Amino acid sequence: MLRFNTPHNMTGTLICVEGIDGSGKSTQLDLLYTWLKSKKLDVILTQWNSSDLISDTTKRAKKKNLLSGRTFSLLHAVDFADRHEKIIMPALRAGFIVLADRYVYTAFARDVARNVDKKWVRNMYSFAVKPDMALYFDVSAKVSLNRICTNRQPKFYEAGMDMQLSNNPYKSYLLFQNRVIEQYKDMVEEYGLVKIDALESIHNQQKYVRQITTELLAKKGINLE
Ligand SMILES: Nc1ncnc2c1ncn2[C@@H]1O[C@H](COP(=O)(O)OP(=O)(O)OP(=O)(O)O)[C@@H](O)[C@H]1O
Ligand SMILES: [Mg+2]
C-alpha cells in the first residue's frame with residue numbers, strides 16, 4: 001500500500017505549510033515553532049531542499065540552468081528522500097512534533113507547473129509519510145510578488161524563467177506562479193489541505209494556526225491549554 005495515502009501510526013505529529021513563494025509560510029511556521037517550544041514540547045523545524053547530500057549539486061545545476069523539468073524534479077525528490085529518512089521519520093518515531101516548511105505538495109505543484117507528468121511526480125513521493133495537518137497559504141501571485149520583491153527582483157527559478165513564458169522576470173513570475181496556484185487549488189480538495197487566508201494579518205493567521213494545532217495535538221493526547 002502507498003504510505004502517502006494512509007495516516008501514519010507513529011507517536012509524533014507532522015505539520016507542514018504549503019503555498020507559493022512569499023505567501024507567509026515561514027513567518028507562521030517560525031511563530032508556531034517558538035510557541036510550541038515555549039510549551040516545552042519536543043519540536044523540530046525542517047526545510048525543503050535543505051539536505052547536505054544534494055543541495056550543493058542542485059545549487060550548482062540551477063546556476064547554470066542545466067536542468068530539464070524531470071531532472072529538477074528528481075533532484076528535489078532525492079533531497080527530500082534523504083531528509084525524510086534521516087530527520088523526519090526518526091523524529092516522528094521518537095514522538096516529536098515535526099514542522100515542515102514545504103512538503104511533497106511543493107513538488108506536486110511546482111513540477112506539474114513545469115509540465116512534468118502529474119502521476120509520475122506523485123508516484124515518486126509515494127514513500128512519504130502523510131502529514132497529520134497540511135496548511136495551504138492562499139494568496140494571489142500579485143500579492144506574493146509585492147511581498148517578496150520589495151527590495152529585489154524575482155529569482156530565476158522563482159519566476160519560472162526556465163519555462164520561457166516571458167523575458168520579463170516580473171511578468172514571468174506572475175504567469176508561472178499562477179500555474180503553481182492552479183495545482184495547489186486542486187490539491188486542497190484532493191488531499192484535504194487546510195486553507196489559510198494569507199491576506200489576513202500575521203497576528204490573526206497565527207491565532208488560527210495555534211487554534212487548529214491545539215485541536216490536532218489534543219487528539220494525540222497533548223494538552224496545550
Ligand atoms: N500576513 C502578512 N501580511 C503582510 N506581509 C506578510 C504577511 N506574512 C508575511 N509577510 C511578509 O511577506 C514576506 C514573505 O513572507 P515569508 O517569508 O513568511 O513567506 P514564505 O511563504 O515563507 O516564502 P518562501 O516560499 O519564499 O520561503 C516577508 O517579508 C514577511 O514579513
Ligand atoms: Mg519561507
Side-chain angles (χ1 to χ4, degrees), residues 14-37 43-51 54-55 58-59 62-63 72-73 75-77 79-80 83 87-88 97-114 125 131 133-163 169-170 172-185 187-188 191 193-213:
L14 176 59
I15 299 172
C16 69
V17 291
E18 286 287 350
I20 59 169
D21 300 321
S23 54
K25 300 177 297 295
S26 303
T27 302
Q28 292 302 324
L29 204 64
D30 292 351
L31 287 169
L32 185 67
Y33 175 80
T34 309
W35 183 63
L36 291 171
K37 272 264 177 204
V43 46
I44 60 159
L45 196 61
T46 176
Q47 293 191 16
W48 186 251
N49 207 14
S50 60
S51 106
I54 203 82
S55 65
T58 322
K59 258 185 221 147
K62 271 184 180 175
K63 248 184 217 154
F72 203 47
S73 182
L75 279 173
H76 282 125
D79 177 276
F80 176 81
R83 219 156 32 83
I87 297 170
I88 299 176
I97 299 167
V98 178
L99 303 181
D101 195 337
R102 296 183 172 279
Y103 199 63
V104 298
Y105 311 102
T106 285
F108 296 175
R110 280 185 182 163
D111 295 350
V112 176
R114 286 201 158 81
Y125 286 90
M133 184 163 79
L135 307 178
Y136 170 56
F137 289 79
D138 188 18
V139 81
S140 68
K142 212 168 157 195
V143 169
S144 88
L145 180 65
N146 287 339
R147 280 187 192 168
I148 67 167
C149 293
T150 43
N151 50 13
R152 64 168 173 91
Q153 262 203 1
K155 291 182 222 155
F156 188 84
Y157 280 97
E158 221 171 38
M161 292 297 280
D162 55 313
M163 301 272 300
Y170 294 93
S172 178
Y173 181 93
L174 294 175
L175 290 168
F176 177 65
Q177 296 291 346
N178 273 324
R179 293 169 67 104
V180 178
I181 289 173
E182 244 176 73
Q183 294 306 318
Y184 272 127
K185 295 245 145 121
M187 286 193 283
V188 168
Y191 294 111
L193 309 185
V194 179
K195 209 154 108 172
I196 308 279
D197 181 357
L199 286 180
E200 276 286 347
S201 69
I202 292 174
H203 176 82
N204 284 348
Q205 285 183 54
Q206 184 59 200
K207 220 167 121 186
Y208 181 59
V209 169
R210 285 183 191 182
Q211 183 201 322
I212 54 181
T213 302

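Here the structure is a predicted model, which is why all the values come from computation and not from measurement. Ligands are counted one by one from 1 in listed order, and the atoms in each one are counted from 1 as well.
A donor-acceptor pair under 3.5 Å is formed between the side chain of Ser172 and the backbone N or O of Ala159. Between the Asp79 side chain and the Leu75 main chain, no donor and acceptor come within less than 3.5 Å of each other. No side-chain donor-acceptor contact under 3.5 Å links Arg147 to the backbone of Asp21. Side-chain N or O atoms of Glu158 include none that pairs as donor or acceptor with a backbone N or O of Gln153 at under 3.5 Å. For Tyr103 (side chain) and Glu18 (main-chain N/O), no donor-acceptor pair under 3.5 Å exists by modelled atom type. Of the possible polar contacts, none joining the Lys25 side chain to the Arg102 backbone as a donor-acceptor pair under 3.5 Å is found.
Between Gln28 and Ile202 the shortest side-chain heavy-atom distance falls below 4.5 Å. You'll find the side chain of Phe176 reaches within 4.5 Å of the side chain of Arg114, heavy atoms only. Looking only at side-chain heavy atoms (C-beta outward), Arg110 and Phe72 stay at 4.5 Å or farther from each other.
Put simply, atom 28 (C) of ligand 1 has no protein non-hydrogen atoms near it, under 4.0 Å away.
Shown in contact with Arg102 at under 4.0 Å from a heavy atom are these atoms of ligand 1, numbered in order with element: 25 (O). Atoms of ligand 1 lying under 4.0 Å from at least one heavy atom of Gln205, given by number and element, are 1 (N). Ligand 1 places these atoms under 4.0 Å from at least one heavy atom of Thr27: 9 (C), 15 (O), 16 (P), 18 (O), 30 (C).
Scanning all protein heavy atoms for the shortest distance to atom 1 (N) of ligand 1 gives Glu200 O, 2.9 Å. The protein heavy-atom contact nearest to atom 22 (O) of ligand 1 is Ser26 OG, 2.7 Å. For atom 21 (O) of ligand 1, the nearest non-hydrogen atom of the protein is Lys25 NZ, 2.7 Å. Nearest protein heavy-atom contact of atom 23 (O) of ligand 1 is Gly22 N, 2.8 Å. Given atom 8 (N) of ligand 1, the protein heavy atom at minimum distance is Ile202 CG1, 3.5 Å.
With waters left out, the protein N, O or S atoms under 2.8 Å from the Mg ion (ligand 2) add up to 1.
Of the candidates Gly24, Cys149, Gly19, the one placing a heavy atom closest to atom 19 (O) of ligand 1 is Gly24. The residue from Glu158, Gln206, Gln28, Arg147 that puts a heavy atom closest to atom 12 (O) of ligand 1 is Arg147.
When only interatomic distances are considered, the shortest N/O to N/O separation between Ser201 and ligand 1 does not fall below 3.5 Å. The shortest N or O to N or O distance between Asp101 and ligand 1 is not under 3.5 Å.
The minimum heavy-atom distance between Ser26 and Asp101, with the atom names listed, is OG-OD2, 2.7 Å.
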Could you check Phe108 against Tyr184 for ring pair (Phe, Tyr, Trp, His ring centres under 6.0 Å), going step by step and ending with a plain yes or no?
-> CA-CA 8 Å; Phe108 296 175; Tyr184 272 127; 9.9 Å; no

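Under the 3.5 Å distance criterion, with hydrogens and angles disregarded, no donor-acceptor pair is assigned to the side chains of Arg179 and Gln183.
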